[in-house]
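Shown next, in structure tokens, is the structure this report addresses.
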Amino acid sequence: DSSYRYLHEAERIALKTSNDSALASVYNGLGIYASNIEKDFTSSLNYFYQGLEAADRSGNDRLYSLLLANIAQIYSLSDDHTSLLYAQECYLRGSKQGDHYLKYAGSTAIAYAHAVSGDDVRKGLEYIAEAEKILNEDSIRDGSVLYYIYGKLLLQDGRRDEARLCFAES
């Protein structure tokens, strides 16, 4: 696939030029590619962790936080409660920095972790409601994932009609 080849070329250039911020972005892209296209979650996590290291070296706090949310999503897929630690850190960083998008990413990741595990549906509903509020207030364009998670949580809470509406939105 040409996109994969281009990502590796970008990685080579970022390494050659010692551009850690660019390298963190490339590793984020490679991690997303590995999880979404290849369904290789181990490689995805490895890329995301490399991205965390590069983002830390570059001082790119925002990208560091987004990588935390991506790591949380991958751990959630395997019902690993470690996901909550990463998601909460992203959410807290967003709160501390006043960055609504990071709060959105963190709250969505927290809600997803609860939806997958089914352990605390009420807590998941609180976080997904906060994410929806941010989605609407900040005009975030793609709410499909949010409404899928919302629907899953509502279904677990026995609220089938509301869940159907959310699934239709997703």
Side-chain angles (χ1 to χ4, degrees), residues 1-94 97 99-117 124 127-128 131-132 134-135 138-153 167 169-170:
D1 186 329
S2 62
S3 57
Y4 195 62
R5 190 172 63 249
Y6 290 130
L7 283 167
H8 278 295
E9 178 64 15
E11 175 190 25
R12 188 188 65 72
I13 293 167
L15 286 167
K16 184 177 179 181
T17 60
S18 299
N19 186 335
D20 282 327
S21 187
L23 189 59
S25 291
V26 169
Y27 285 139
N28 188 46
L30 285 165
I32 291 169
Y33 187 93
S35 68
N36 292 351
I37 305 301
E38 296 178 335
K39 306 299 184 223
D40 182 351
F41 303 124
T42 301
S43 291
S44 178
L45 283 173
N46 286 334
Y47 285 127
F48 289 146
Y49 282 120
Q50 287 178 299
L52 279 179
E53 291 172 7
D56 188 44
R57 286 191 306 269
S58 73
N60 191 333
D61 289 336
R62 189 162 203 262
L63 183 52
Y64 187 94
S65 297
L66 291 172
L67 283 156
L68 292 171
N70 288 342
I71 291 169
Q73 298 289 6
I74 299 301
Y75 278 126
S76 288
L77 291 172
S78 60
D79 197 18
D80 184 330
H81 290 354
T82 306
S83 62
L84 278 174
L85 299 174
Y86 289 97
Q88 288 168 336
E89 186 174 346
C90 176
Y91 178 83
L92 291 173
R93 286 167 163 264
Q97 297 168 15
D99 187 321
H100 291 170
Y101 189 76
L102 292 180
K103 282 181 69 177
Y104 171 80
S107 59
T108 302
I110 291 168
Y112 185 63
H114 287 298
V116 170
S117 70
Y127 278 100
I128 204 66
E132 183 184 39
I134 295 169
L135 173 92
D138 287 13
S139 301
I140 296 171
R141 286 179 234 162
D142 185 12
S144 60
V145 170
L146 179 142
Y147 286 109
Y148 169 77
I149 296 167
Y150 215 152
K152 189 169 174 67
L153 287 163
F167 288 135
E169 236 357 87
S170 71

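The first residue of the sequence shown is numbered 1, and numbering continues consecutively from there. Atom set for the values below is all heavy atoms of this structure, side chains included, hydrogens, waters and symmetry mates excluded. Predicted model, so just to flag it, every value in this text is computed and none were measured.
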**OP:** Give the intermediate values and the outcome of side chain to side chain donor-acceptor pair (under 3.5 Å) for residues Thr82 and Asp80.
**Re:** CA-CA 5 Å; Thr82 306; Asp80 184 330; 2.6 Å; yes
**OP:** To the nearest 0.5 angstrom, please state how far the CG atom of Leu52 sits from the CG atom of Leu66.
**Re:** 10.5 Å
Original post:
Which atom pair, heavy atoms only, marks the closest approach of Ser144 to Ser170?
Top reply: O-CB, 3.1 Å
Original post:
Between Tyr27 and Asn46, is any pair of side-chain heavy atoms under 4.5 Å apart?
Top reply: no
Subject >> Glu9/Arg5 ion pair, N-O < 4.0 Å >> reply: no
Subject >> Rounded distance [0.5 Å steps], CG in Asn70 versus CD1 in Ile74 >> reply: 7.5 Å
**OP:** Please tell me if the side chains of Phe167 and Tyr148 come closer than 4.5 Å, counting only heavy atoms from C-beta onward.
**Re:** yes
**OP:** Apply side-chain contact (heavy atoms from CB on, under 4.5 Å) to the pair Asp138 and Tyr104, showing each step before the final yes or no.
**Re:** CA-CA 10 Å; Asp138 287 13; Tyr104 171 80; over 6 Å; no
**OP:** Output, in order, the C-alpha distance, side-chain angles, deciding distance and verdict of side-chain contact (heavy atoms from CB on, under 4.5 Å) for Ser3 and Tyr33.
**Re:** CA-CA 9 Å; Ser3 57; Tyr33 187 93; 3.4 Å; yes
Original post:
Within the side chain of Ser44, is there an N or O that forms a donor-acceptor pair under 3.5 Å with the backbone of Asp40?
Top reply: no
Subject >> Closest non-hydrogen atom pair, Tyr75 against Ser83 >> reply: CB-CB, 3.6 Å
**OP:** To the nearest 0.5 Å, tell me how far Tyr101 OH sits from Cys90 SG.
**Re:** 9.0 Å
Original post:
To the nearest 0.5 Å, what is the distance between CD (Glu53) and CG (Asp20)?
Top reply: 10.0 Å
**OP:** Could you grab the distance from atom CD1 of Ile37 to atom CG of Leu30, nearest 0.5 Å is fine?
**Re:** 12.0 Å
Subject >> Minimum-distance pair of heavy atoms, taken over all atoms of Ala131 and Ser107 >> reply: CB-OG, 3.3 Å
**OP:** Going by the side-chain contact (heavy atoms from CB on, under 4.5 Å) test, name the single residue among Leu102, Ile110, Thr108, Leu68 that passes it with Tyr91.
**Re:** Ile110
Original post:
So which heavy atom on Tyr147 is nearest to which on Glu132, and how close?
Top reply: OH-OE2, 2.8 Å
Subject >> Partner set under ring-ring contact (aromatic ring centres under 6.0 Å, His included) for Tyr112, not counting sequence neighbours >> reply: none
**OP:** Quick one: closest heavy-atom pair of Lys103 and Gly94, and the distance?
**Re:** CG-C, 3.6 Å
Original post:
How far apart are the closest heavy atoms of Gly143 and Leu135, and which atoms are they?
Top reply: CA-CD1, 3.8 Å
**OP:** Calculate, to the nearest 0.5 Å, the distance between atoms CD and OG belonging to Gln73 and Ser35 respectively.
**Re:** 9.5 Å
Original post:
Are the aromatic rings of His8 and Tyr4 close, with centres under 6.0 Å apart?
Top reply: yes
Subject >> Stepwise side-chain contact (heavy atoms from CB on, under 4.5 Å) check, His114 with Leu84 >> reply: CA-CA 8 Å; His114 287 298; Leu84 278 174; 3.8 Å; yes
**OP:** Apply side-chain contact (heavy atoms from CB on, under 4.5 Å) to the pair Tyr64 and Arg93, showing each step before the final yes or no.
**Re:** CA-CA 10 Å; Tyr64 187 94; Arg93 286 167 163 264; 3.4 Å; yes
